[in-house]
Amino acid sequence: MLKYFKGSFFITIIGIILAYFWAEHSNSGSGFMALFVVAFLSILEITLSFDNAVINAIKLEKMSNKWRHRFLTWGILIAVFGMRLLFPIIVVAAFSGLTITGVAKLALYDVDKYTYYLHIVHAPLVTFGGAFLLMIFLSYFFHEEKDVNWISFLEKSMLKFNHVKYVDVIFSLLALMILQHFIPEEQKVAVIMAGFTGIILYLIVDSISNLLEKAAEKKAAVMGNCAKLGFVGFLYLELIDASFSLDGVLGAFAISKDIIIICIGLAIGAMFVRSLTIYMVDMKTLKQFLYLEHGAHWAIGFLAIIMFISTRVEVSEVITGGTGLIIVGAAFISSILHNRKINQLNS
């Protein structure tokens, strides 16, 4: 098991060293406090993204070894420097009218002002992420052809809508329409546009992914090889990771105002999540634990709702991460009990 996490431990050691010396450089004597903050942020990221690892594993099983490797290398660079460092800066620049360079300077030298601008863009950001995640949840339970149901009475009821075209889009738009009634007038347009963008982006990426997956399956039937996804599958995973990371990135500023310390802490957590994903794929965890996939999608649905709620009410990261862990944990326990029942019947 350790071989899957050796890269994560290496990143942790490098991160700890960088965090200590950066903190000492910024404020002499604050090095050890920075290490505590980094550790807390890393645990927070892992907690918030555990269900993300399960979803990643589902898609990663269909990808070639080359793209799995790229998910751990290129993917971690995109996740850390793209989503957790550059993306908030770009978004703040777009909404504030400042240049990207100007916002980057604020993030490093005038954190209070940067946090103020980040607070302004909070509602559109989490609405985008919430809409994207809600589409993942609804598409799975409305359209996925499943032989197994975990929460049977709910999941069977949802499958009855399978014949309704774009039912997932309809429910997502209804959620946005309800949400906009609680949004201040000056933010309504930005929030609705962000939600639409999340829905449309999901439809585009999912459609391309499905088309390529079917093409790969046809090729596999002819060539006798396993169907594998490449760049589009990788892009899909990065977008899912981006949606999951939004809440964590924004919440991290409640713990620390230093963007470098935040980036290091979240990077360590993101690396462990990716290592866990690869481990689950190689160990065939999803096949061994029948309801884990269902639990992860239910957790995504609740996270989407929490992100919508957080546009108006501050939601603690403890609630966000704890909800996901409880749901996925319940699915894990249900899977173990199911396996025991099967073993007893077979013995």
Side-chain angles (χ1 to χ4, degrees), residues 1-15 18 42 45-46 48-90 129 132-133 136 201-220 223 225-246 248-249 263-287 292-293 296 300:
M1 184 176 178
L2 283 176
K3 71 175 183 178
Y4 291 95
F5 293 91
K6 62 183 180 181
S8 298
F9 287 120
F10 175 75
I11 293 295
T12 301
I13 293 168
I14 298 298
L18 288 175
S42 302
E45 176 72 8
I46 294 167
L48 289 172
S49 302
F50 187 80
D51 41 359
N52 187 12
V54 177
I55 298 300
N56 286 348
I58 296 167
K59 206 71 178 178
L60 215 62
E61 285 183 343
K62 301 175 183 178
M63 293 172 67
S64 64
N65 288 329
K66 177 175 74 174
W67 281 99
R68 288 183 191 179
H69 177 71
R70 287 173 178 173
F71 175 70
L72 273 178
T73 51
W74 299 359
I76 196 65
L77 290 175
I78 294 170
V80 175
F81 296 104
M83 280 312 303
R84 288 154 178 85
L85 185 63
L86 291 178
F87 183 69
I89 289 173
I90 292 169
F132 190 90
L133 293 178
I136 294 174
L201 193 59
Y202 172 83
L203 290 172
I204 291 171
V205 176
D206 187 59
S207 297
I208 295 172
S209 178
N210 287 334
L211 284 172
L212 292 181
E213 198 170 324
K214 288 176 182 177
E217 286 172 356
K218 287 181 181 178
K219 183 180 177 182
M223 304 295 291
N225 299 319
C226 294
K228 297 292 182 184
L229 285 176
F231 173 72
V232 174
F234 174 82
L235 178 62
Y236 187 84
L237 287 177
E238 290 305 315
L239 284 170
I240 292 174
D241 178 74
S243 299
F244 270 97
S245 71
L246 290 176
V249 170
C263 192
I264 291 171
L266 297 181
I268 293 171
M271 189 65 191
F272 271 99
V273 171
R274 274 166 163 68
S275 297
L276 180 62
T277 299
I278 299 294
Y279 174 77
M280 285 195 291
V281 171
D282 287 353
M283 294 296 106
K284 310 293 182 185
T285 304
L286 296 177
K287 291 179 181 178
L292 207 55
E293 184 176 348
I300 283 176

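The figures here come from the full heavy-atom set of this structure, side chains too, leaving out hydrogens, waters and symmetry mates.
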Between [atom1] on residue [X] and [atom2] on residue [Y], distance to nearest 0.5 Å:
{"X": "Leu201", "Y": "Phe132", "atom1": "CG", "atom2": "CZ", "result": "5.5 Å"}
{"X": "Ile14", "Y": "Ile268", "atom1": "CD1", "atom2": "CD1", "result": "10.0 Å"}
{"X": "Phe10", "Y": "Met271", "atom1": "CZ", "atom2": "CE", "result": "10.0 Å"}
{"X": "Ile11", "Y": "Leu18", "atom1": "CD1", "atom2": "CG", "result": "9.5 Å"}

Check: Would you say Ile78 and Phe234 make side-chain contact, with heavy atoms under 4.5 Å?
Finding: yes
Shortest non-hydrogen separation from [X] to [Y] and the atoms involved:
{"X": "Ile136", "Y": "Tyr202", "value": "CG1-CE1, 3.6 Å"}
{"X": "Gly15", "Y": "Ile264", "value": "O-CG2, 3.5 Å"}
{"X": "Lys3", "Y": "Lys6", "value": "O-CG, 3.4 Å"}

Next item on the list: Go through the steps for Phe272 and Phe9 under the test ring-ring contact (aromatic ring centres under 6.0 Å, His included), then give the verdict.
Entry: CA-CA 8 Å; Phe272 271 99; Phe9 287 120; 5.4 Å; yes
Check: Where the side chain of Ser42 meets the backbone of Gly265, is there a donor-acceptor pair that is under 3.5 Å apart?
Finding: yes
Check: With Ile13, which residues qualify under side-chain contact (heavy atoms from CB on, under 4.5 Å), at least two apart?
Finding: Ile17
Margin query: Under the rule for side-chain contact (heavy atoms from CB on, under 4.5 Å), what residues qualify as partners of Ala57, not counting sequence neighbours?
Written below: Thr277, Met280, Val281, Leu286
Next item on the list: Go through Glu45 and Arg274 one step at a time and tell me if the salt bridge (charged side-chain N to carboxylate O under 4.0 Å, His left out) criterion holds.
Entry: CA-CA 12 Å; Glu45 176 72 8; Arg274 274 166 163 68; over 6 Å; no
Margin query: So, using side chain to side chain donor-acceptor pair (under 3.5 Å) as the criterion, who are the partners of Ser8 when residues are at least two apart?
Written below: Ser275
Notebook entry, point to check: How far apart are the C-alpha atoms of Leu276 and Phe5, what are their side-chain angles, what is the distance that settles it, and do they pass the side-chain contact (heavy atoms from CB on, under 4.5 Å) test?
Noted result: CA-CA 8 Å; Leu276 180 62; Phe5 293 91; 4.3 Å; yes
